[in-house]
Amino acid sequence: MNKKSKISSDSSFHEYLISKIRLNNNCFILKFDNFLFGQNNMYPQLYHWLLSFCENNKINYYNSVLKIFLWCIQGFMLFFLLNISERYLGYNVPIHIAIFGLIILYLNPFNFDSNNAKNINLSPRLLGVVIGQLFLCFIASYHITEEVIFLFLISIFIPLVIYTTQFTLQFISIIFLVHIFFFETQIIIAYLLGLLFTVAINIKYFIFYFKMQLQHKTFYSKKLADQFILKVRYSIWRDFIYDFWIKPKNKSFILYIYNNPVIQALFGFPLLIFFIINFVSNYENIYYIKNNGKVLLFFVPVLLCFFAFIITSFRRTRFLGEPQRYLEFSTPFLVVLLITNYHENILGVYLSFLLFLISLLTVYILKNKISDIKNIKEISLYKIKDYITNKSKIEKSVIFCNNLNITKKLLDTNNSFFWGMPVNEAIGNYNYKNVFDEYPIVSNDIIPELIDSFKVDTVIIDTSVKSYNKSVINNINQKIKLAVKEGPLEIYNII
């Protein structure tokens, strides 16, 4: 990894998975042999497989090339939707307005949010977003034109979705329910044909991947969510009537408000204001969906994304990811709606752009504040990572850290790690409830026992976690020696 790039847990994992696939003769990975638990892989691998053909020192370069290509695809999609609106709906957008729309598309505030995985070095997130946007584009285009080519493209894209990104897979699975509800037979058949294509590519891997995804979703929804995301935020909707008013009013409270998915949706997608105003003023046309091109091209795709937002915003469905991320699939349609219908509601345009500017400023300020906080731990991580890398040249290590987010950033193919895929309750001979009070932080009381059980020889302690207690080190049964202390991170060797 380039030291000038920030160490992200997701980016580090993607770099690790790319290396594992390369070492596996550029074949998909079914098991991670250097994880101490949760070895079965439930992660989609097409993005990593493509980059596994690149030399390790060229991965970042080709990843950047891929991002530029995907941005170009988004631009092409915008002009394609404008072409559809001109041919079938009679809109005529001047080129300077179209270029202005392109700028808005790229400057959408959510693109710059620090929590958006697209902004980290290595991530399939942008690829998944663009595939999802194209998928919606094909659906909208079929609704308008009824041309079979778009059904074919839907079928072709199903395998791409399944093997590239689980988030986009969740999205198309949710909107598939809508197609079933409205008895859209042709689109349902296109989905099923796409599923057949996926099975035909490699039925053995498909069955394994489907099984792992099912296990992951079951475990996450029934067990892990309660100790992870739901402990941080009890309810997205309860925030507005309870939590916002009783939480301590400090700096973290501001971030707590900002990170609420409803707030993030408004700040991340300010064009939603124009959409809502336009939608309300055209509500009488909604009853005649099939005969109204404007509704089919502009409203339906956004409403599908909004439906996914609502469905995933409840406590029982929060395991399906941050709801506001589903709105990102609607961005091209929001932009096209604005630049084709801006003259219908000038007040809506002004309100949208006012929020647009406020959002960009807010994102910029928060991004810098968060970055300053993270930089302190990142400097420590660089040195810890260097120490582990140098040590592995002499001997392989079995590494444990009390913070699994730190472990994820340190993953490599040379050492073994106390880490694994969240696909079931078992962690060796232990249950996840015994290991974690609040995932991903390991409970202090069980750390000495885990070190013995998994034959750990390198212990990393993150002293910045809330539950940290100095007695943890004293309770370790073996003799230990402090090797490195950097910021909040301490690394010990078992003697």
Closest contact, heavy atoms only, G75 versus L105: N-CD2, 4.5 Å

Identify every side-chain donor-acceptor pair in residues 417-425 under 3.5 Å, counting partners at least two apart or on other chains, and give the distances.
{"residue": "W419", "atom": "NE1", "partner": "L404", "partner atom": "O", "Å": "3.3"}
{"residue": "N424", "atom": "OD1", "partner": "A426", "partner atom": "N", "Å": "3.1"}
{"residue": "E425", "atom": "OE1", "partner": "N431", "partner atom": "ND2", "Å": "3.0"}

Given F110, F171, F309, the one that forms ring-ring contact (aromatic ring centres under 6.0 Å, His included) with F329: F171

Chi angles and distances behind the side-chain contact (heavy atoms from CB on, under 4.5 Å) call for I59, I18: CA-CA 9 Å; I59 288 177; I18 291 166; 3.7 Å; yes

Contact check, side chains of L320 and Y326, non-hydrogen atoms, under 4.5 Å: yes

Sole candidate of L46, T168, L195 that passes side chain to side chain contact (heavy atoms under 4.5 Å, CB included) when paired with I162: L195

N429 atom CG: more than 12 heavy-atom contacts under 6.0 Å: no

side-chain hydrogen bond (donor to acceptor under 3.5 Å, both in side chains) contacts touching residues 223-235 (sequence neighbours left out): R233-D239

Verdict with supporting geometry, F208 and M42, side-chain contact (heavy atoms from CB on, under 4.5 Å): CA-CA 9 Å; F208 174 83; M42 41 68 63; over 6 Å; no

Residues in side chain to side chain contact (heavy atoms under 4.5 Å, CB included) contact with L482, at least two apart in sequence or another chain: K485, E490, Y492

Y163 atom OH: more than 12 heavy-atom contacts under 6.0 Å: yes

Evaluation steps, side-chain contact (heavy atoms from CB on, under 4.5 Å), between L66 and L126: CA-CA 9 Å; L66 176 61; L126 180 60; over 6 Å; no

Between E486 and Y382: side-chain donor-acceptor atoms closer than 3.5 Å: no

Whether over 12 other heavy atoms sit under 6.0 Å from Y61 OH: no

Verdict with supporting geometry, E328 and R325, salt bridge (charged side-chain N to carboxylate O under 4.0 Å, His left out): CA-CA 5 Å; E328 193 166 13; R325 284 170 49 191; over 6 Å; no

Verdict with supporting geometry, T362 and F267, side-chain contact (heavy atoms from CB on, under 4.5 Å): CA-CA 8 Å; T362 303; F267 276 87; 3.8 Å; yes

Whether over 12 other heavy atoms sit under 6.0 Å from R316 CZ: no

Side-chain donor-acceptor contact under 3.5 Å, N40 with K211: no

Residue pairs fulfilling side-chain hydrogen bond (donor to acceptor under 3.5 Å, both in side chains) with at least one residue in residues 392-401, sequence neighbours excluded: none

Derivation and outcome, side chain to side chain donor-acceptor pair (under 3.5 Å), residues N34 and S416: CA-CA 4 Å; N34 63 330; S416 296; 5.8 Å; no

Between N477 and D452: side-chain donor-acceptor atoms closer than 3.5 Å: yes

Working for salt bridge (charged side-chain N to carboxylate O under 4.0 Å, His left out), residues K408 and D10: CA-CA 8 Å; K408 193 175 181 182; D10 286 341; 3.0 Å; yes

Shortest non-hydrogen contact from L360 toward P109: CD2-CA, 3.9 Å

Set of residues satisfying salt bridge (Lys or Arg N to Asp or Glu O under 4.0 Å) with respect to K20, sequence neighbours excluded: D33

Greater than 12 external heavy atoms within 6.0 Å of Y242's OH: no

ring-ring contact (aromatic ring centres under 6.0 Å, His included) involving F240 - partner list, sequence neighbours excluded: F244

Within 6.0 angstrom of K383 NZ, more than 12 heavy atoms from elsewhere: no

From OH (Y106) to CD1 (I103), nearest 0.5 Å: 10.5 Å

